[in-house]
There are 2 protein chains.
Amino acid sequence: MSVRNGLVALLAEQPMHGYQLRQEFERRTGGTWPLNIGQVYTTVHRLVRDGLVEPVPQGGTGSTDDASEDDAPFERFRLTDAGRAAATSWWATPVERGAPARDELAIKLALAVTSPGVDVRGVIQRQRTETLRSLRDFTRLKVTPDHRRAALAGGGQAGDVGPVDTPVADARADLAWSLVLDSLIFGAEAEIRWLDHVEARLARASHEAATLGSAAVPAVPPTDAAPPGRLGVPGAASASGADR
Amino acid sequence: MSVRNGLVALLAEQPMHGYQLRQEFERRTGGTWPLNIGQVYTTVHRLVRDGLVEPVPQGGTGSTDDASEDDAPFERFRLTDAGRAAATSWWATPVERGAPARDELAIKLALAVTSPGVDVRGVIQRQRTETLRSLRDFTRLKVTPDHRRAALAGGGQAGDVGPVDTPVADARADLAWSLVLDSLIFGAEAEIRWLDHVEARLARASHEAATLGSAAVPAVPPTDAAPPGRLGVPGAASASGADR
DNA sequence: TCCCTGTGCTTACCGGGTAACCTCGTCCAT
DNA sequence: ATGGACGAGGTTACCCGGTAAGCACAGGGA
C-alpha cells in the first residue's frame, strides 16, 4: 500500500501525469526506492477504478484554447473527493505495526536456530558483515550527498544525476532524503544490535547446556542485556530509552 | 523470497507435505507470521517446477507394504540435489541489505515533510503512539509467553494453542520465537528513536528558518502551475508550525 | 538523413498473499 | 446406521506489488 498511498498524497498537491508522479516520488525519497513506471500506471488505474482518482478532462474540443496553457496532450490525473478524503485519512492514521511484515532475516535465523546441522554462528557473522557494509554505505552517502540517487539499488537504470534540481526550492527534498537515510541507518543499527544479541544468547545457551549436563536448554531468562558497543554512527545519536 | 527459502530450509530436514510445512514454519516463528496454506502449495509447486523439490513417489503399487509405515496417502515433498544446493547456498549467503525494501513509514514521512499543509508533527506523534503500543505488546508477550501464537496478527483464524508441543525437543523453538520477538522489539525501538530524531530535526529546521528570516524554504512547486489555493485539505489543520 | 536520447504510456508476466472452496476420514449423537 | 460436525489435507481464483519489454513521438546532433 505504500506506493498507492504515496501516489494519492502526491496527487493531493496537484494533478499530475504518470511520469511526474514517478519523478516526484523519487525526488522526495532521494531515489532510494526507484519506482517502475509500469507500476505507477497500473496503480493509478486501480485508483481510478476505485474512485479515488480521475483523469483531468482533456481540453480536446471546444474551449481548449482560452487562457490556460493547457498544452499537454498527456493524460493527467487528479483526486476525487473520495481521494482527498483518503489522503487526509492516510495522514491521520499511523502505519500499522502490529502484524509486522515478514522479515527474511528474522525468519532465516529462527529456522537456522531450530535446524540441526546449520552453522548459526556463521550465518550471523556473514549477515553482520553484509549489514555493516550497507550501514557504511548509508553513512558515507550521508556525509557525501553524492548528489544522491544512483548509489542504492545497484540495478543498472541509467544514471541521471544531472543538475535537474530546481535550484532553490527543494531544500525540503534534501531534508526528506536525509531523513530517509537516517531511517535506513537506524534500521541497520538495530539489525546489528540484534545480531549481537542473538549471538550472545546462543553462546550463553550452549554454555549452559554444556555445564548443566544435557538438561534441555532452559527456556530463556526473560530479560537480558544488550552488550553492543553502541557503534558510533555519525549523526545517529540515539535519543530515547535504550534497548534492553 | 523469505517463504520460498524457508520452505526449502524446512524440506532440507525431512520430506513433508504441505500442512506439515505450514505447521513447522509457524511453530518455529512462534506464529508471528501465519502462513496461508494456499501460499504453501503454490510456492511448493513453483519449487517443483524449478527443480528444487520433487514429490516423494507414492508407495502406490508393489513394494509399498514392507517395513516402513508409509501409510500417508498424501503427497509429500522432498528436496532434489539442486534443492539441497539451494538450501546450503541460502545459509551461506547473507540477506541482501543494499536495496532496502520499501518502508511505508519512511516513505510516508518523506512525503509528509515535502508536502505543504501536512501536519508532520501530528503524523509523528500518532505514529509514535502506535509503535509504542506494539512495542508494549511485544515486551508483554516476552514476559508472559502466553503460550505464544495468537496475540499478533489480529486476524481471526481459529486459535489452536493446544498442547501440540512435542514435550521436550522444542526448547529450541521457544528460543527461536524469543529471538524473533527480540527482533521485533529492536525494530520497534529503532523506529521510535528515528521518530524522535525526525521530530528534533524538524524542530531545529523550523527554528532556523524562523530566526534567519524567510530566506530559503520557498514555495514547493518545482514545475509549472502552483495554484495559490494551497489545496485546502479538509481537517488537516496544521497544528504546529513545525514545517513550512 | 539517420540515429540517439528522453518523455509519456501500455502490456504481459511473475511472485507474494488471501479467501473460498472441495474431499476425505473419523467421531459421536441421534 | 445414518448423518452431521470437524479436522486434516489440498485446490483454485483472484488481487496486488513489481519488473521488463515495447510503442509512439519529439527534439537534437553528427
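Computed from a predicted structure; not experimentally measured. All values below come from the heavy atoms of this structure, side chains included, with hydrogens, waters and symmetry mates left out. In the text below, chain A, chain B and the rest are named by the order of the sequence lines, each starting its count at 1.
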### Message
In whole Å, I'd like the distance from the CZ atom of Arg22(B) to the P atom of dG16(C).
### Response
18 Å
### Message
Looking only at the side chains, is there a donor atom on one of Glu191(B) and Thr131(B) sitting less than 3.5 Å from an acceptor on the other?
### Response
yes
### Query
Can you find a side chain N or O atom of Arg46(A) that sits less than 4.0 Å from OP1 or OP2 on dG17(D)?
yes
### Query
For Asn36(A) and dG17(D), what is the distance between atoms CG and P respectively, to the nearest whole Å?
13 Å
### Message
Are there over 12 heavy-atom neighbours, none belonging to Glu96(B), within less than 6.0 Å of that residue's CD?
### Response
no
### Message
On DNA chain C, does the nearest nucleotide to Val40(B) precede the nearest nucleotide to Asp50(B) from the 5' side, or the other way round? Give the residue.
### Response
Asp50(B)
### Message
Which is more 5' along DNA chain D, the nucleotide nearest Gly38(B) or the one nearest Arg102(B)? Just name the residue.
### Response
Gly38(B)
### Summary
The bend of the helix from dT1(C)-dA30(D) to dT30(C)-dA1(D), taken between the axes of its five terminal pairs at each end and rounded to 10°, is 30°
### Query
Is it true that the side chains of Ser178(A) and Lys142(A) contain a donor and an acceptor less than 3.5 Å apart?
yes
### Query
Whole Å only: how far is the CD atom of Glu75(A) from the C1' atom of dC23(D)?
17 Å
#### Entry: Atom-to-atom span, CG of Leu35(A) to P of dC16(D) - whole angstrom
17 Å
#### Entry: Arg49(B) or Gln39(A), whichever maps to the more 5' nucleotide of DNA chain C
Gln39(A)
### Message
What is the separation between atom CE on Met1(A) and atom C1' on dG17(C), rounded to the nearest whole Å?
### Response
12 Å
#### Entry: Length of the NE2-C1' vector between His45(B) and dA13(D), whole Å
15 Å
### Task
Can you spot which of Arg28(B), Glu24(B), Glu13(B) makes a side chain to side chain donor-acceptor pair (under 3.5 Å) with Thr114(A)?
Arg28(B)
### His17(A) side chain near dT7(C) phosphate (N/O to OP1/OP2, under 4.0 Å)
no
### Task
Measure from CD1 on Ile37(A) to C1' on dA20(D) and round the result to the nearest Å.
13 Å
### Task
Assess the side chains of Glu104(B) and Trp90(A): does a donor N or O sit below 3.5 Å from an acceptor N or O?
yes
### Message
side chain to side chain contact (heavy atoms under 4.5 Å, CB included) for Leu109(B) and Leu179(A)? Distances and angles first, verdict last.
### Response
CA-CA 8 Å; Leu109(B) 276 184; Leu179(A) 293 177; over 6 Å; no
### Query
Can you tell me how far P of dC6(D) sits from OH of Tyr19(B), to the nearest Å?
15 Å
### Summary
Closest non-hydrogen atoms of Gly51(A) and Thr80(A), given as atom of the first, atom of the second and distance, are O-OG1, 2.6 Å
